[in-house]
A.B. asks: 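Take a look at the following structure, please.
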Amino acid sequence: MKPIDGVQRTLNVALDERSYPIHIGTGLVGNADAIAPYLAGRQVMIVTNETVAPLYLDALRDALPGKLDVRCVVLPDGEAYKSVEYVGRIWDALLEAGFNRRCTLIALGGGVIGDMVGFAAASYQRGVAFIQVPTTLLAQVDSSVGGKTGVNHPLGKNMIGAFWQPRAVIVDIATLCTLPARELSAGLAEVIKYGLIRDAAFLTWLEDNMAALRGCDADTLAHAIALSCQIKADVVAADETEQGVRALLNLGHTFGHAIEAEQGYGAWLHGEAVGAGMAMAATLSHRLGWIDSAALERCEAVIVAAGLPLHAPAGMGREAFLAHMRRDKKNLDDELRLILLRALGDACITSETPPETLDALLDGYPRA
Ligand code: NAD
Ligand code: GLY
């Protein structure tokens, strides 16, 4: 394949005939060469939200070849709209346009849009093509890669969905210039996660480069995105449907999903809940004697340096945590399974946390 203008790095998610590239660079939203090769046919539905549309929709739409039939759906912005009802709006638009099985959906936005569009693509006429154009750091390093798609249910986060891989992931780092600082921090939670579960050297690099990352330095961000995507691509290639190692990508998420659901979707950003959740998982790992206090302090310090909360929400008690945690998708039968740290850069999944140790954590962990 000939080089594409603006692409700095291309990674591959190796899934046999469903393998796909992750192109990372600048100016890619408005670059037809980066996107058009992955369209299945003439019919294209761009789905975005009310915040991202004024920023990037014209650039994307104008870049696509004129011979295409391009339609757009603009959804309201927010985790609270990540529901079957709003995926229904995408299905409605596809049916009203008369789009067939050779159509392509393009997800232009953060993880909420990416997850919803992926699910719409997985389910429309039993599965059509889609392309991820992630515009938040969180989506660029995590949610756009790996094919987890879906929506929330009032009783649980991401409980309705499907595994459905995109045809390509187009990461335009320049879109991060318009991202609010709080959202950038939320994305850093998932970046830190990769260091904690898989790569101690990356964690050290993050500790050294956190100020540049939060300052939106393009080269530093490009490095962090590429390393994060490489780790994610490797894990997904090894375990696409989370029968084993992929569960490690959920470090902090069991506590985090409980926080998100209990506080009401959108009150805490997903990355904020994951930040506090990783600190809780690290504290539990320390109490079990798996990591020493120096390692725990490093976890806490890097989470704080990223601008993320360390403490659980005020007023959220043990039973509120457990009610959500018992519904976690990682659980098997009645077993509560958690991702914990054996060392910095080394995580494991365990169902052997003594209930009294978990109860003591949930009772005594500091609240904001
Ligand atoms: P988000 O999609 O809500 O985006 C955050 C905010 O940033 C929104 O207000 C959005 O409109 C705005 N925004 C997006 N791009 C922007 C830009 N370039 N400039 C200015 N504003 C911009 O949230 P998110 O953090 O991207 O994603 C969180 C979601 O991702 C959660 O629903 C979570 O469950 C999901 N997720 C999925 C996976 C997966 O593997 N599928 C992994 C991690 C998280
Ligand atoms: N974000 C977790 C996963 O993709 O498996």
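All of these numbers come straight from a predicted model, not from anything done at the bench. Any value given below was found using the heavy atoms of this structure, including those in side chains, with hydrogens, waters and symmetry copies removed. Every number for a ligand or one of its atoms is a count from 1 in the order of the listing.
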A.B. asks: Between the side chains of N100 and Q125, does any donor sit under 3.5 Å from an acceptor?
C.D. replies: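 There is no such pair between these side chains.
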A.B. asks: Starting from atom 4 (O) of ligand 2, which protein heavy atom do you reach first, and at what distance in Å?
C.D. replies: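 Residue, atom and distance for the closest contact: K232 NZ, 2.5 Å.
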A.B. asks: Report yes if the side chains of V112 and N49 come closer than 4.5 Å at any heavy-atom pair, otherwise no.
C.D. replies: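 The answer is no, as the side chains (C-beta and beyond) never meet within the 4.5 Å cut-off.
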A.B. asks: Taking distance alone, with N or O pairs closer than 3.5 Å, would you say D142 contacts ligand 2?
C.D. replies: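 Yes, D142 has an N/O under 3.5 Å of an N/O on ligand 2.
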A.B. asks: Could you tell me whether the side chain of L336 reaches within less than 4.5 Å of the side chain of K330, counting heavy atoms only?
C.D. replies: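 They are not in side-chain contact.
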A.B. asks: Side chains of S123 and W164 only: does a donor on one sit below 3.5 Å from an acceptor on the other?
C.D. replies: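 Per modelled atom types, S123 and W164 side chains form no pair under 3.5 Å.
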A.B. asks: Which label fits H257 and H270: parallel for a plane angle under 30°, tilted from 30 to 60°, or perpendicular past 60°?
C.D. replies: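 Rings of H257 and H270: tilted, as their planes differ by 30° to 60°.
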A.B. asks: Hey, is D328 close enough to R337 for a salt bridge, meaning N to O under 4.0 Å?
C.D. replies: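 Between R337 and D328 there is no salt bridge, as every charged N stays at least 4.0 Å from the carboxylate O atoms.
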A.B. asks: Near ligand 1, which protein residues have a heavy atom under 4.0 Å away?
C.D. replies: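 Contacting ligand 1 under 4.0 Å are N49, T51, V52, L55, Y56, D77, E79, K82, G110, G111, V112, D115, T135, T136, L138, D142, S143, K148, K157, N158, T175, T178, L179, P180, E183, E190, K232, H270.
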A.B. asks: Can you label the angle between the H223 ring and the W205 ring as parallel, tilted or perpendicular, going by 30° and 60°?
C.D. replies: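 It falls in the tilted class, 30° to 60°.
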